[in-house]
Amino acid sequence: MQGTVATYDPASRSGTLLLDDGTELAYPAAAFDASGLRLLRLGQRVRIDRDESGAVTRLTIPTLP
């Protein structure tokens, strides 16, 4: 699944994503920390990993493994 970064707070390392269907999805600091990324930019496309409950567990750049 992919989405677009809608908000990102560098202090808390969390924010929200917009999915392709327009749904807003929050991601916690733990998902950002699991990504290995140093920052996110508004409008940036990301790949989203979720657990069984639907919570975001990791964000990655779509072109990176």
Side-chain angles (χ1 to χ4, degrees):
M1 172 182 297
Q2 293 187 11
T4 303
V5 176
T7 65
Y8 171 64
D9 179 10
S12 69
R13 299 178 329 280
S14 62
T16 58
L17 306 167
L18 287 178
L19 303 182
D20 293 339
D21 67 1
T23 304
E24 190 171 293
L25 180 65
Y27 62 90
F32 178 75
D33 293 343
S35 73
L37 300 173
R38 295 190 314 180
L39 61 92
L40 290 172
R41 292 184 308 275
L42 300 183
Q44 184 173 17
R45 291 288 289 174
V46 293
R47 186 173 49 225
I48 305 159
D49 294 337
R50 298 168 86 174
D51 64 15
E52 302 81 34
S53 70
V56 178
T57 57
R58 187 173 82 146
L59 306 171
T60 56
I61 303 300
T63 57
L64 298 176

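Nothing here was measured: the structure is a model prediction, and the numbers come from that model.
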Which residue pairs pass the side chain to side chain donor-acceptor pair (under 3.5 Å) test when at least one of the two sits in residues 22-35, sequence neighbours left out? R13-D33, D21-T23
Identify, with sequence neighbours excluded, every residue that meets side chain to side chain contact (heavy atoms under 4.5 Å, CB included) alongside P10. Y8
Please lay out, stage by stage, how I48 and L19 fare under the test side-chain contact (heavy atoms from CB on, under 4.5 Å). CA-CA 10 Å; I48 305 159; L19 303 182; 3.5 Å; yes
Close side-chain approach of L17 and V46, heavy atoms under 4.5 Å: yes
Using side chain to side chain contact (heavy atoms under 4.5 Å, CB included) as the criterion, list what pairs up with Q44, not counting sequence neighbours. V5, L40, R41, I61
Here the gap from D49 atom CG to T57 atom OG1, rounded to the nearest 0.5 Å, amounts to 5.0 Å
Listed by chain and number, what are the side chain to side chain donor-acceptor pair (under 3.5 Å) partners of S14, not counting sequence neighbours? S12
Side chain to side chain donor-acceptor pair (under 3.5 Å) with S53: which residues, sequence neighbours excluded? D51
Residues two or more places apart in sequence or in another chain: which of them pass salt bridge (Lys or Arg N to Asp or Glu O under 4.0 Å) with R45? D20
Do the non-hydrogen side-chain atoms of M1 and R50 ever get within less than 4.5 Å of each other? yes
Across all chains, not counting sequence neighbours, the side chain to side chain contact (heavy atoms under 4.5 Å, CB included) partners of A34 are R58
Shortest non-hydrogen contact from V56 to P28? O-CD, 3.7 Å
If you define the side chain from C-beta out and look only at heavy atoms, does anything of T16 sit under 4.5 Å from L25? no
